[in-house]
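Atoms within a ligand are numbered from 1 in the order they appear, just like the ligands themselves. For this chain, numbers begin at 1 and follow the sequence in order.
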Amino acid sequence: MQFLLFLPALLAALNPHPGLAASVIRDYTLDIVNGPLAPDGFPRIGVLANGTFPGPVLTANKGDTLRVRVNNKLTDGSMRLSTSIDFDGVFIDTDNIFNEGSPFVTTCPFGPNTSYTYEFPLGNQTGSFWWYSQLSVQYADGLRGAVIIYDPKDPLAKLYDVDDESTILTVADWWHNTSTEGLASYMATQIIPVSDSGLFNGAGRYQGGPLTPYAAVSVTTGTRYRFRLINISARTSFTVSVDNHTLTVIETDGVATVPLEVDVITLHAGQRHSFVLTANQPVGNYWINAILSGGNPAHNLNLNATLGRGILRYEGAPDAEPTTPMTNGPPSPGPGALAESNLRPLVPIPAPEPDFNLTFVTFMPVNKTVWEINGVAYVPPLVPTLVKILDGASADADFNETENTFVFPANKVIQVTFPPNPDDELHPFHLHGNNFWVVKSNDSDVINTINPIRRDVSAMGNGGTILRFTTDKPGPWFFHCHIFYHFAAGLGSVIVGGPEQVRQQVHPPKAWEGLCPAYDALPPEQQ
Ligand SMILES: *[C@@H]1O[C@H](CO)[C@@H](O)[C@H](O)[C@H]1NC(C)=O
Ligand SMILES: *[C@@H]1O[C@H](CO)[C@@H](O)[C@H](O)[C@H]1NC(C)=O
Ligand SMILES: *[C@@H]1O[C@H](CO)[C@@H](O)[C@H](O)[C@H]1NC(C)=O
Ligand SMILES: *[C@@H]1O[C@H](CO)[C@@H](O)[C@H](O)[C@H]1NC(C)=O
Ligand SMILES: *[C@@H]1O[C@H](CO)[C@@H](O)[C@H](O)[C@H]1NC(C)=O
Ligand SMILES: *[C@@H]1O[C@H](CO)[C@@H](O)[C@H](O)[C@H]1NC(C)=O
Ligand SMILES: *[C@@H]1O[C@H](CO)[C@@H](O)[C@H](O)[C@H]1NC(C)=O
Ligand SMILES: *[C@@H]1O[C@H](CO)[C@@H](O)[C@H](O)[C@H]1NC(C)=O
Ligand SMILES: *[C@@H]1O[C@H](CO)[C@@H](O)[C@H](O)[C@H]1NC(C)=O
Ligand SMILES: *[C@@H]1O[C@H](CO)[C@@H](O)[C@H](O)[C@H]1NC(C)=O
Ligand SMILES: *[C@H]1O[C@@H](CO)[C@H](O)[C@@H](O)[C@@H]1NC(C)=O
């Protein structure tokens with residue numbers, strides 16, 4: 001019996017992504033600590049999983065169950081002491097929605113010296129995702145990392161030779177100040193703190209700072225790599241290119257795509273892309289340009305976006321920086337740039353006709369740090385949405401107006417139209433637990449209901465966007481701007497599908513039921 005229980009974990013430990021059909025439990029422990037780090041050469045204390053940034057990569061195979069025990073060992077009261085971990089883009093099923101980690105929607109955060117274990121089957125989903133603290137803007141302090149679900153039978157496997165931990169690429173913005181200072185400054189000034197640096201695979205530089213070594217990615221001539229590019233930034237978009245190499249996009253937010261060759265990829269909040277790069281250039285060192293944009297650089301003279309980069313190093317090349325100039329790479333938008341409207345899913349699914357239409361107009365009043373959807377800024381409720389549903393809430397009117405909560409029957413199609421954005425800011429909207437069809441991308445006037453890309457984050461802008469999704473998976477799902485400063489100022493909503501089905505299907509464990517009473521009992525400085 002003991003042996004049988006241990007066998008899956010043993011198999012998982014021996015072979016990180018075997019081609020085995022057997023489903024296993026991927027058991028991870030994350031110790032959340034306040035620890036020192038200096039990814040761009042500036043030393044500070046962060047909020048880190050196991051003391052590292054980015055945090056540990058969580059990997060699984062299609063069909064596995066992910067189990068993540070999170071031990072909150074935070075001690076530094078200058079940053080948030082509670083936490084709550086969300087697994088961005090992962091289709092957590094209704095039965096396990098209480099482990100979805102969205103504070104005040106599906107759960108409550110948990111305080112220092114306590115633990116919580118998130119567990120859910122991964123179903124048929126595969127691709128590149130990430131985990132992070134969904135509490136306030138805490139992830140800006142470092143609590144973020146990748147989640148990769150490998151497909152042992154990837155239909156695009158013939159396009160690449162290597163896909164392992166060495167091909168996971170992360171880009172992140174980084175601040176020398178804590179997120180609590182940043183949030184206070186934002187609330188006081190309406191100006192999102194501009195980051196001090198951009199990090200590629202956890203390393204970067206700021207203007208006038210030390211010459212911190214850039215992260216190098218090793219390749220061998222003639223080999224094809226599946227790079228999984230994940231934007232784990234908190235506020236900033238990244239424009240990524242590799243000097244003298246083309247990038248063939250094959251995945252967007254966990255959805256396999258028709259291969260699309262580009263020179264440069266722009267990643268907005270929360271977005272992920274896999275691309276294939278063939279090491280077909282002369283042996284040498286090449287710049288990987290990871291150029292951030294977001295905010296007025298005049299607000300932080302430490303920021304020099306051009307310093308955001310890494311190195312593609314061929315086997316046989318010296319352990320040195322490229323001798324070519326640091327550029328920002330090809331322009332995006334531009335002729336070689338990835339445009340969302342050009343992406344096609346490998347398996348096209350027409351967007352079904354909507355049963356309900358919503359229009360979301362985003363707005364920030366003058367001189368007030370509040371972001372509204374249709375005139376209402378989201379305020380997290382004291383009692384999470386899921387608790388209210390389990391207690392009988394069934395209609396919009398059962399929620400406070402400031403919960404921006406929209407209730408629909410199960411198995412319906414919802415269309416959300418974002419008219420051209422009058423405030424002229426970028427808002428990457430992210431739907432938890434589900435993909436949407438991007439029927440109209442901000443970057444195109446074309447309405448495509450035949451084979452639009454499906455994904456879970458799309459950037460709204462002044463071009464206008466139309467999304468469709470279904471309520472086939474009952475539950476309350478956060479739908480919010482992924483710029484967490486905007487989100488913290490109210491740019492969020494909750495889509496509830498099938499409240500009756502939720503009450504039938506969802507049976508949370510005692511450990512979850514204890515989270516809210518424990519959190520509510522914490523002194524505010526430990527929340
Ligand atoms: C994190 O650290 C804990 C304690 O040392 C360890 O048990 C766990 O395996 C580590 N997790 C990962 C993902 O490395
Ligand atoms: C957590 O536990 C440690 C060690 O037992 C203790 O020193 C610390 O005060 C505790 N923190 C809180 C917030 O209770
Ligand atoms: C996974 O896909 C198979 C085959 O399409 C289907 O029968 C099964 O219901 C799916 N499982 C889940 C959890 O969606
Ligand atoms: C960092 O915080 C300090 C103190 O709150 C503030 O004076 C400074 O302007 C902040 N730096 C940036 C770049 O926002
Ligand atoms: C990339 O190609 C250009 C010519 O297109 C060349 O000048 C440059 O040296 C090449 N870069 C490297 C690192 O070889
Ligand atoms: C930013 O860094 C690049 C590369 O080192 C340098 O060429 C440029 O002058 C820097 N920008 C400023 C404003 O100093
Ligand atoms: C939703 O809007 C579309 C136009 O985009 C329209 O064709 C459809 O009839 C509307 N559906 C409902 C239920 O209002
Ligand atoms: C906003 O604040 C600025 C600077 O304090 C002030 O000049 C302006 O009149 C304010 N605008 C409104 C509409 O309150
Ligand atoms: C409803 O929202 C208003 C405005 O944010 C707030 O003052 C009130 O306390 C909320 N009521 C409940 C029950 O959460
Ligand atoms: C949105 O589209 C407009 C018009 O095409 C364009 O100017 C803007 O850069 C786009 N924004 C994003 C975030 O793609
Ligand atoms: C990366 O892109 C920026 C800009 O769109 C967002 O603000 C970030 O939230 C995003 N990062 C993640 C992890 O989504």
Can you tell which of Thr449, Ile349, Leu467 makes a side-chain contact (heavy atoms from CB on, under 4.5 Å) with Trp437? Ile349
Result of checking His273, Arg226, Arg455 against Glu251 for side chain to side chain donor-acceptor pair (under 3.5 Å): Arg226
Would you call Asp163 and Arg228 a salt bridge, taking side-chain N to carboxylate O under 4.0 Å as the test? yes
Any nitrogen or oxygen of Asp443 lying under 3.5 Å from a nitrogen or oxygen in ligand 10? Just yes or no. no
Are a donor atom and an acceptor atom from the side chains of Asn99 and Tyr116 found within less than 3.5 Å of each other? yes
At a non-hydrogen distance cut-off of under 4.0 Å, which region of Leu426 contacts ligand 10 (side chain, backbone, both, or neither)? side chain
Ring-ring centroid check Phe479 Trp477, cutoff 6.0 Å: no
Checking Asn96 against Tyr118: is there a side-chain donor and acceptor pair closer than 3.5 Å? no
Cut-off 3.5 Å, side chains only: do His430 and His480 have a donor facing an acceptor? no
Sort out the contact shell of ligand 5: every protein residue with a heavy-atom distance below 4.0 Å, listed by chain and number. Asn244, Asn285, Tyr286, Thr324
